[in-house]
Amino acid sequence: MLKNHIEELLIQSLLHLKRDGIIPGDVDIQPQLERTRSVDHGEYATNLAMALAKPAGKPPRELAQAIIDRLPNSRQVERTEIAGPGFVNFFLNHCALTGVVRDVLRQGEDFGTQRQLADNRVTVEYVSANPTGPLHVGHGRGAAYGASLSNVLQASGFDVQREYYVNDNGRQMDILALSVWIRYLELCGERVSFPENGYQGEYIYDIARTVRSEDGDKWRFSGHDVFDGLPPDGEAGGDAEAYIDALINKASELMGHEGYVVFFGASIDAILGDIKDDLREFGVEFDTWFSEAQLEESGAIEHAIERLRENGHLYEKDGATWFRASELGDEKDRVVVRENGRTTYFASDIAYFMNKLERGFGKAMYVFGADHHGYIARLKAAAMGLGEDPEKLEVLLVQFAVLFRDGKKVQMSTRSGKFITLRELREEVGTDAARFFYVMRSHDQHLDFDLDLAKSRTNENPVYYVQYAHARICSVFRQLEQNDMRHNSAIGEAALDQLTEPRELALMRAINRYPEIIESAARLRSPHLVAHYLGDLATEFHGYYNAHQFLVDDENVRNARLNLVDATRIVLVNGLAVLGCSAPEEM
RNA sequence: GCGCCCGUAGCUCAGCUGGAUAGAGUACUGCCCUCCGAAGGCAGGGGUCGCAGGUUCGAAUCCUGCCGGGCGCGCCA
């Protein structure tokens, strides 16, 4: 990166300043290099002189001159300038800019990615929706954000493991299996009363039909045997939870473990399979689907609880085992083993975190919906309770997305089962638009998702705007072939010094920003920066395209321009890929 | 009540570890296709950065309080 090169120059200059006694040797200030807002101020600027003013006891502009005097010579820097209160501005040489074009063509899809740093392993856990139904549009944002975040982290040198935690254990699974069984009984012709807190969706019937087509009436029991003697459901003035628990007990009584496994297995296979397909079609991939049931079987949960106990963070109260989280920054203490002897989901979470560290990851990142923010304190407390550095656990919250159609909010409610699924959204607006729109805004910002805009094939649509730039470039190369010419990038490279139009310089500058954008996006966990950048890059390209003809007679200029345009194309492809969007050659 | 997030142009939003004159898109107005894709470009107006203090060479950015909006506070997940 050019930026790193100039930072290195500053570090050298700083060393000389200390050696020459201009500033005390013990000041510990890292040179900060930032992009200028306007080209009038050059390419990069540093506030180093202002930062040194106090420790050196000298006016900033005087220090700025001292810094400049000690900068090593560089072929990349044309000149420097002192500006304003004491900024040092760096103007790049023309060859530094054209060098970027050359780099892009050489590095291709690797342009913008950093070499992997040693010992930089990180897990990113995202989506992790319970396999009790199809993914809905709320999960979509977490999926898009988690996937793009993983991509930028990987591009900036992290060894990233993408993980989905599958909650295939516990009471919710019992309720799921039960819901399918009741629908199954219904399909068999029994009169049933579906529990208020059961899973209502149509997909439950689908799974029930699958079981019935394989096992026939094998798990059929009469409505009387099932429902007689149960406490009233919520609708009938009773306790809905107690009712559903009673039904679960009745189910295992009648069918036994064998039957439960059939319904549970069919449910998880169907739903998890559907989720996996859905995410794959959404371009969201995982390295690991981590099963909670297996975590429990492995004894990891008990192991984690034991560790907390050894560290003196557990106590018994009301027949349950509590984790003294309140002493580690959480609001209150949390139960890890319930009165009935079963461990809580929180206990599993602790064990899973421990498992991640045991597998050698230096950091575990979690992408949560904003409604889960209450978990952060207790997970951090758990990390401390295990004797680990809580900094190893990083939670990224994704705020809600609200869909808009015809300028109005699309109302949804999970309770009634009336929500829009991720699959429906993809079918309506397409994967590219969905992926782009989801990460277009900062993850900690609420998102207004305009369905009509996402579908529109106009310049208002930011995805089409970027993709159109790519398609236009591809069209230029098709036009070239139709004119019986071919692109000679060697000639182009030799003639890059002829690219001196202001628009050409601006486009090169934009390309040069890409690696810096990837680095910032990773550091700030903000892939939306890439989306904004792509819009800027497309703008620079469209402006260039409208102002200049690429396919000119002069062979040198033509090939140089094609090199620049091809480099632009590559950066567009790379950036779109980070966001999970395609780069169509024609639209 | 306590805790977390947010408040920037009419609307949707950027603004990086504090920096130079606060930026895009959209909407509105007027231009540009005998020319590689007009799904494009050029030009223009539009702001008490929620409010009030504080920190300092410098605050949209950091701190405190208040106002407004969202979310969370189960031996549920």
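None of these values were measured; they are calculated from a predicted model. Naming: A, B, ... by sequence-line order, numbering from 1 per chain.
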Notebook entry, point to check: Glu125(A): what forms a side-chain hydrogen bond (donor to acceptor under 3.5 Å, both in side chains) with it, not counting sequence neighbours?
Noted result: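 side-chain hydrogen bond (donor to acceptor under 3.5 Å, both in side chains) list for Glu125(A), sorted by chain: Ser128(A), Lys356(A).
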
Margin query: Using O4'-C1'-N9-C4 for purines and O4'-C1'-N1-C2 for pyrimidines, with syn meaning within 90° of 0, is C31(B) syn or anti?
Written below: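 The base of C31(B) is oriented anti (glycosidic angle more than 90° from 0).
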
Notebook entry, point to check: Taking the six-membered ring where the residue is Trp, are the ring centres of His470(A) and Phe541(A) under 6.0 Å apart?
Noted result: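 Aromatic pair excluded; centres sit 6.0 Å or further apart.
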
Margin query: Counting C-beta onward and ignoring hydrogens, is there a side-chain heavy-atom pair between Thr80(A) and Asn89(A) closer than 4.5 Å?
Written below: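 No, every pair of side-chain atoms sits at 4.5 Å or beyond.
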
Under 4.0 Å between a side-chain N/O of [X] and OP1 or OP2 of [N], yes or no?
| X | N | result |
| --- | --- | --- |
| Arg378(A) | G3(B) | no |
| Arg472(A) | A38(B) | yes |
| Ser520(A) | C16(B) | no |
| Gln32(A) | C16(B) | no |
| Tyr465(A) | G41(B) | yes |
| Lys332(A) | G74(B) | yes |
| His542(A) | G25(B) | no |

Check: Taking N and O atoms by type only, does the side chain of Asp371(A) place a donor or acceptor under 3.5 Å from a partner on the base of G72(B)?
Finding: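 Result: no qualifying N/O pair found.
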
Note to self: For Glu585(A), is the CD atom crowded, meaning more than 12 foreign heavy atoms sit under 6.0 Å from it?
What the structure shows: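 Not buried by this count: 12 neighbours or fewer within 6.0 Å.
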
Check: Take atom NZ in Lys54(A); do more than 12 heavy atoms of anything else shown fall under 6.0 Å from it?
Finding: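 No, the 6.0 Å shell around NZ holds no more than 12 heavy atoms from other groups.
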
Taking the side chain of [X] as heavy atoms from C-beta outward, which of [options] is closest to it?
| X | options | result |
| --- | --- | --- |
| Leu524(A) | G15(B), C36(B), C16(B) | C16(B) |
| Tyr464(A) | A39(B), G72(B), G37(B) | A39(B) |
| Tyr545(A) | G3(B), C75(B), C36(B) | C36(B) |
| Arg338(A) | C76(B), C13(B), G19(B) | C76(B) |
| His373(A) | C36(B), C16(B), G3(B) | G3(B) |
| Gln445(A) | G15(B), C13(B), G70(B) | C13(B) |
| Asn47(A) | C75(B), G19(B), C36(B) | G19(B) |
| Asp444(A) | C5(B), G37(B), C16(B) | C5(B) |

Touch check for [X], heavy atoms < 4.0 angstrom, all strands: base, sugar-phosphate only, or nothing?
| X | answer |
| --- | --- |
| Asn169(A) | nothing |
| Phe87(A) | base |
| His372(A) | base |
| Ala547(A) | nothing |
| Arg503(A) | sugar-phosphate |
| Gln172(A) | sugar-phosphate |
| Asp448(A) | sugar-phosphate |

Polar pairs (N or O, both sides) under 3.5 Å between protein and nucleotides 54-57 of chain B?
none

Item checked: Member of Thr568(A), Thr539(A), Leu564(A) meeting the side-chain contact (heavy atoms from CB on, under 4.5 Å) criterion with Tyr544(A) ->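 Of all the options given, the one that passes is Leu564(A).
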
Note to self: The test is side chain to side chain contact (heavy atoms under 4.5 Å, CB included); show your working for Arg171(A) and Arg342(A) and say whether it passes.
What the structure shows: CA-CA 10 Å; Arg171(A) 187 156 180 273; Arg342(A) 293 190 74 163; 5.7 Å; no

Next item on the list: For each nucleotide in nucleotides 27-35 of chain B, reading 5' to 3', give B when a protein heavy atom comes within less than 4.0 Å of its base, S when such contact involves only the sugar-phosphate, and - otherwise.
Entry: S-------S

Notebook entry, point to check: Which one of Arg509(A), Arg35(A), Lys3(A) satisfies the salt bridge (charged side-chain N to carboxylate O under 4.0 Å, His left out) criterion with Glu516(A)?
Noted result: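 Answer after filtering Arg509(A), Arg35(A), Lys3(A): Arg35(A).
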
Notebook entry, point to check: Can you list the steps and then say if Ile23(A) with Leu63(A) is a side chain to side chain contact (heavy atoms under 4.5 Å, CB included)?
Noted result: CA-CA 9 Å; Ile23(A) 56 167; Leu63(A) 283 167; 4.2 Å; yes

Spacing of [X] atom [atom1] relative to [N] atom [atom2], expressed in whole Å:
| X | N | atom1 | atom2 | result |
| --- | --- | --- | --- | --- |
| Leu480(A) | G37(B) | CG | P | 12 Å |
| His446(A) | G69(B) | NE2 | P | 13 Å |
| Arg141(A) | G70(B) | CZ | C1' | 13 Å |
| Phe449(A) | C13(B) | CZ | C1' | 15 Å |
| Arg441(A) | C11(B) | CZ | P | 14 Å |
| Gln399(A) | G72(B) | CD | P | 11 Å |
| Tyr544(A) | A38(B) | OH | P | 16 Å |
| Asp452(A) | C11(B) | CG | P | 19 Å |

Note to self: Between Arg35(A) and Arg478(A), which residue's closest nucleotide on RNA chain B lies nearer the 5′ terminus?
What the structure shows: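 Its nearest nucleotide being more 5', the pick is Arg35(A).
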
Next item on the list: Could you check His443(A) against Leu33(A) and say which one's nearest nucleotide on RNA chain B is further toward the 5' end?
Entry: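 The answer here is His443(A).
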
Check: Any ion pair linking Arg486(A) and Glu481(A) (charged N to carboxylate O, less than 4.0 Å)?
Finding: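 No salt bridge links Glu481(A) with Arg486(A).
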
Expressed as a whole number of Å, how far does the [atom1] atom of [N] sit from that of [M]?
| N | M | atom1 | value |
| --- | --- | --- | --- |
| C35(B) | U26(B) | P | 26 Å |
| G19(B) | C5(B) | C1' | 27 Å |
| G18(B) | C71(B) | P | 32 Å |

Notebook entry, point to check: Knowing that exactly one of Tyr352(A), Phe353(A), Tyr164(A) qualifies, which makes a ring pair (Phe, Tyr, Trp, His ring centres under 6.0 Å) with Phe290(A)?
Noted result: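 For Phe290(A), the ring pair (Phe, Tyr, Trp, His ring centres under 6.0 Å) check succeeds only for Tyr352(A).
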
Note to self: Determine whether Arg478(A) and Glu586(A) satisfy the following criterion, side chain to side chain contact (heavy atoms under 4.5 Å, CB included), listing intermediate values before the conclusion.
What the structure shows: CA-CA 10 Å; Arg478(A) 282 194 297 271; Glu586(A) 291 175 71; 3.4 Å; yes

Next item on the list: Using atom types as modelled and distance alone, determine if a side-chain donor or acceptor of Tyr199(A) lies under 3.5 Å from a backbone N or O of Leu178(A).
Entry: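 Between the backbone of Leu178(A) and the side chain of Tyr199(A) there is no qualifying donor-acceptor contact (under 3.5 Å).
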
